[in-house]
Every structure is written in structure tokens, then in C-alpha cells.
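Structure first, commentary second.
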Amino acid sequence: MRLGKVSGISFDLDDTLWPFEVVVERAEATLHAWLLENAPKTASVLPAPQALAQLRAEYERSRPDLAGDFRALRIGSISLALELAKEDVTLADLAYDVFYSARHQVEFFEDVMPALHWLSARFPLVAVTNGNADLRLTGGGEFFRAALSASSVGVAKPEAEIFHAAARAVEVAPAEMLHVGDDYHLDVLGALDAGFQAAWLVRRNRLEIARVEKNTREPHLTIRDLSMLCEALGGPGSLS
Ligand SMILES: [Mg+2]
């Protein structure tokens, strides 16, 4: 598919602007250290930071009603750890604040800042995430006209409604919107179904490429980094 006219760009956040797994691992390590210091008996149920992730996953399975509510899932799993360790459960909110703050210590991929700088001078940009990252806390918010999340809109990607809300936020018709994201299902198919153009960002995942080669629904662009996106939109070859 050829790229058509682009008048606005929407961006996924996690794994598109920064690597997600590493930031969560680091935030869990920070939370773990905080718990051991402020509720020492949690050491018995949380021998290592990884135990926090396990507990969080178990808690999520036991509470399907909380799906997508990252704050509630995290606070609930912290409360569970405190309860199991016979520590003060009311510490959970404070512990969550420590985690939430650490979760925003992201490291942008190196192509991101130069690209956002170039793109935001030419197109209105809007963030569309299913997660709970806040661009005011991660940095980079100055490049975006608006930021939407599944929890603020009430529906998540790949639903068309969240893409349409993004188009409205920058006052651009869906057909002239280009959505950029790493997740083939949520970002590419979601955007195409909403009448957007789609740029699939594949930084390293060769397996996903293999999968889509057999798929009939192709993105308008497949890019390795955001400087390739700028190039496709008429920018200089390498911005970083
Ligand atoms: Mg993503």
C-alpha cells in the first residue's frame, strides 16, 4: 500500500518511543527495594524483584474484572504481598506512588527525540496508548497536541473509537491520519479498521515480520525506526 496524504500522526507509546520491559523491570526493582526497607517482612514473600511480577500476574488472573486497570492491578498485588507478609496493607498506596514514578523513568530510543522534533514542526501529533504512561512525566509531552489512553477514552486499541477520538483531538480526517506503532494487531490492524493509514514499527522482532508476510493486510509503511518515518514523509535521511 502506498502512503497517501498525511495531515496528522498518532503514536503508540510503550515499545514505540521507549523500550517497555526494561522500564517495568527497573520500576519493580525500585518498588522491591522500597518494600524491603519500609515493610521488611515482605522479604519472606518477595525474595527477588521478579516475585513482584509473578504476584502481579497471579493477581491479574484472579481479577479479570480489573483487566486494563493497571493502577488497581498493581495496588492490589502490592496489598496482597503486604497481607501475605503480615505487614501494614495501607502502605500499598505509597508503594504504588514509588512504582508509578519509577515507571516513568524511560529511556527513549535514540531516533525518537530528533524525529519528534522534526515531525511536530510539520504535523499535529497525538499519543494513543492502552497503557498508563503519562508524557508529562516521561518527557516528550511538548511534542504532542494531545494524549489519549484507553482509560481516558473508555475503549482500548484496536477499537476504532479510540483512533477516531485521536483524529478529532487534532482535527484531522481519519483518512489523513497516520498511526505509528509496534503492535501489529493493536496498532496496525486497529488503525486500518479505523480508516487510518498505518506505519508498523518493527525495531527487532523478525518473527512478527514473518507472520505478517503471510497476512493479507499490510501497513502503508514498515519502518525500523522513526528516522525512516521522517524520510518517508519528506524529511532528511538521518536525523539522529
Ligand atoms: Mg506498543
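Note that the structure is predicted; figures quoted are calculated from it, not measured. Atoms within a ligand are numbered from 1 in the order they appear, just like the ligands themselves.
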* Might you work through the ring-ring contact (aromatic ring centres under 6.0 Å, His included) test for Phe109 and Trp18, ending with a clear yes or no? => CA-CA 5 Å; Phe109 291 112; Trp18 53 73; 9.0 Å; no
* How are the rings of Phe196 and Phe163 set to each other: parallel, tilted or perpendicular (split at 30° and 60°)? -> perpendicular
* To do: Look at Arg103 together with Asp134 and state whether they make a salt bridge at an N to O cut-off of under 4.0 Å.
  => no
* Sorted by chain and residue number, which protein N/O/S atoms are under 2.8 Å from the Mg ion (ligand 1)? ->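 As for protein N, O or S atoms lying under 2.8 Å from the Mg ion (ligand 1), they are Asp12 OD2, Asp14 O, Asp182 OD1.
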* Under 3.5 Å, is there a donor-acceptor pair between the Asp182 and Thr16 side chains? ->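 Their side chains do contain a donor-acceptor pair, which is all the 3.5 Å distance test asks for.
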* Check Leu55 against Ser77 and note the closest heavy-atom contact, atom names and distance. => CD2-O, 3.4 Å
* Fellow cluster residues of Leu36, listed by chain then number, with links counted only when side-chain atoms sit under 4.5 Å apart -> none
